[in-house]
Q: 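First the structure, then my questions, so here it is.
Below, all heavy atoms of this structure are taken into account, side chains as well, without hydrogens, waters or symmetry copies. Lettering of chains follows the sequences in order, A, B, ..., and the numbering in each one begins at 1.
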Protein chains: 2
Amino acid sequence: MQQPDSLQYLGVRDDIAARIAGGAFKPGERLPSERQLQAGGGVARGTVREALFQLEAEGVIYRKDRSGWYVSPPPVVYDPTRWEGFMSYVEAQGRRPETETLSKVEIVADDMLAQIFSRPVGAPMYWIRRRRLIDGRAVLIESIIVDAARAPGLIDHDLNGSLTSVLKSVYGIGVARNKVDMRPCALTRDEAEALRVKSGLPGLSLVRTCYDAQGHVVEFDREYWRHDALTVSVDIRVR
Amino acid sequence: MQQPDSLQYLGVRDDIAARIAGGAFKPGERLPSERQLQAGGGVARGTVREALFQLEAEGVIYRKDRSGWYVSPPPVVYDPTRWEGFMSYVEAQGRRPETETLSKVEIVADDMLAQIFSRPVGAPMYWIRRRRLIDGRAVLIESIIVDAARAPGLIDHDLNGSLTSVLKSVYGIGVARNKVDMRPCALTRDEAEALRVKSGLPGLSLVRTCYDAQGHVVEFDREYWRHDALTVSVDIRVR
DNA sequence: GGAGCATTCTGGTCTATACCAACTGCACGA
DNA sequence: TCGTGCAGTTGGTATAGACCAGAATGCTCC
């Protein structure tokens with residue numbers, strides 16, 4: 001599957017990429033519309049879109065539905081071993097973090113949750129869904145489960161800040177160990193809708209299990225990130 | 001960007017996905033051609049392709065250029081903290097690993113490599129490029145740099161097996177610490193060609209720096225994985 | 001000045017068609 | 001038996017046109 005430069009859409013891609021690299025469009029700025037790019041390049045709109053899809057896959061640009069194509073800001077660096085919460089982490093990198101709580105409800109543990117938390121099926125749990133933004137752009141959606149018995153009344157607190165610090169300061173629960181699973185994925189249906197992206201856009205699925213010093217599960221967290229929003233960095237000793 | 005089920009390509013997607021889940025097509029098997037699917041669904045070929053792209057992004061299917069669409073095998077699990085080489089690792093999961101050495105040459109360190117290895121610019125280095133396959137499918141391409149002064153004659157050895165074990169058994173160099181950077185990316189140009197995928201397919205970029213017990217850099221490794229070929233799992237204590 | 005509404009613009013979906021290049025399989029011949 | 005070459009099939013690229021729904025804009029009226 002060679003890429004001879006004879007392919008028109010790669011030519012259009014290179015043209016737009018060069019203009020972005022040259023500073024003609026800055027991070028966050030809008031590109032000309034597809035129809036304008038089409039006229040400028042003398043190609044069909046489908047070809048322009050193919051070029052834009054390439055740049056989107058590379059993380060160079062992103063789209064807002066029916067609004068336009070925009071130049072991507074740089075990604076944040078994520079180190080699971082140094083993670084102390086989204087808000088402080090993002091702020092430390094000079095970006096503006098925001099959190100929106102989409103829902104918070106009490107549920108009962110199903111088989112999977114019961115096993116994860118080592119609790120009986122039917123045990124009360126809190127289910128929190130949040131959307132998190134960087135510089136005004138939604139970058140991840142997360143679904144958190146916390147054992148209600150260990151943090152009674154948790155969902156009555158303001159959860160738009162750091163959940164970790166609420167658990168620590170209000171309930172005295174600290175995190176001693178993290179297990180993180182990562183997997184490239186496609187953002188589909190619910191996640192895509194919540195992040196306001198087109199279904200099928202590549203993303204990163206991140207499943208975090210937090211344990212306290214006694215080895216009990218404190219928090220079980222599924223996150224779906226935009227693929228262009230982060231870099232993961234892990235520094236570990238070989239066992 | 002809601003997904004009302006009125007969208008035709010999502011309907012086609014669901015139809016194909018259901019047939020795969022139902023066992024009509026097994027991992028590794030070929031799907032009917034786009035033109036056959038088109039006729040069966042009564043839609044345009046572009047719509048069928050849109051549905052196939054969705055499933056590809058989700059990792060459900062993959063394509064061989066001008067050959068057809070195939071059902072994806074399950075991903076391998078990758079734990080950077082337990083990594084003892086591709087070959088043994090993949091075999092332990094019941095899969096068949098292969099390695100092809102694409103090139104191995106001596107180069108001189110540029111600014112970046114000099115800094116990484118704490119060696120002068122111009123120091124001799126070995127540059128090894130390999131392609132690695134699971135069950136006959138190319139899943140990753142890697143580019144490895146090793147300090148030639150620490151492993152003289154390395155590239156005269158057979159490098160289709162475990163590089164780690166060659167470094168250990170022949171040169172007595174062990175790895176004590178790993179630094180791993182991960183980032184969702186697009187496979188473009190060289191990587192895409194080496195993996196025989198279409199440029200722009202999502203992938204995972206993995207940069208590994210291996211240190212010995214003295215903190216010297218042993219090996220610097222850039223890997224590009226197919227996005228559907230692996231799951232990353234990290235288990236770490238919070239500092 | 002602000003709320004509400006209509007228009008315009010934008011990307012999203014879909015159809016139909018055409019041609020190309022790489023792969024596949026088969027038939028043929030050495 | 002083993003290549004070799006041809007023909008058919010497949011996905012890849014590109015065009016042109018059409019319509020839709022949501023976003024953005026600007027206008028009007030209160």
Q: In the structure I gave you, are the side-chain heavy atoms of B:Phe86 and B:Glu223 within less than 4.5 Å of one another anywhere?
A: no
Q: Looking at A:Arg63, I'd like to know whether one of its side-chain N or O atoms comes within less than 4.0 Å of OP1 or OP2 on C:dT10.
A: no
Q: Mind calculating the distance between CZ (B:Arg66) and C1' (D:dT9) to the nearest angstrom?
A: 12 Å
Q: Output yes when at least one side-chain N/O atom of B:Thr47 is less than 4.0 Å from OP1 or OP2 of C:dT15, else no.
A: yes
Q: With a 4.0 Å cut-off, would you call B:Asp228 and B:Arg137 a salt bridge?
A: yes
Q: Quick one: B:Leu37 CG to D:dT9 C1', roughly how many Å, whole number?
A: 14 Å
Q: Looking at B:Arg131 and B:Ala194, would you say the former's side chain and the latter's main chain have a donor-acceptor pair under 3.5 Å?
A: yes
Q: Here's a test of your reading of the structure: between A:Arg35 and B:Arg45, which maps to the more 5' nucleotide of DNA chain C?
A: A:Arg35
Q: Taking the basic N atoms (NZ, or NE/NH1/NH2) and the acidic carboxylate oxygens, is any pair closer than 4.0 Å for B:Arg19 and B:Glu29?
A: no
Q: How close or far is atom C1' of C:dC14 from atom CZ of B:Phe53, stated in whole angstroms?
A: 14 Å
Q: Return no unless some side-chain N or O of B:Gln38 is found under 4.0 Å from OP1 or OP2 of C:dA16.
A: no
Q: Starting from P on D:dT10, measure out to CZ on B:Arg30 and report it in whole angstrom.
A: 6 Å
Q: Do the side-chain N or O atoms of B:Ser33 get closer than 4.0 angstrom to the phosphate oxygens (OP1, OP2) of D:dT9?
A: no
Q: Compare side-chain N and O positions of A:Tyr9 against OP1 and OP2 of D:dA14 and report whether any pair is under 4.0 Å apart.
A: no
Q: May I have the distance from A:Arg13 (atom CZ) to D:dA14 (atom P), rounded to whole angstrom?
A: 14 Å
Q: Report the residue (B:Pro32 or A:Tyr70) whose heavy-atom-nearest nucleotide on DNA chain D is the more 5′ of the two.
A: B:Pro32
Q: Rounded to the Å, how far apart are B:Trp69 CH2 and C:dC23 C1'?
A: 16 Å
Q: Check this for me: does the side-chain of B:Arg49 come within 3.5 Å of the base of D:dG11 through a donor and an acceptor?
A: no
Q: State, without any angle test, whether A:Asp181 and B:Ser233 hold a side-chain donor-acceptor pair at a distance under 3.5 Å.
A: yes
Q: Whole angstroms only, please: what is the CD1-P distance between A:Ile61 and C:dT10?
A: 16 Å
Q: Report yes if a side-chain nitrogen or oxygen of A:Ser67 is closer than 4.0 Å to either non-bridging phosphate oxygen (OP1 or OP2) of C:dG11; otherwise report no.
A: no
Q: B:Asp65 CG to D:dT9 P: how many Å, rounded?
A: 19 Å
Q: Measuring to OP1 and OP2 of D:dT13, would you say a side-chain N or O of B:Lys198 lies under 4.0 angstrom away?
A: yes
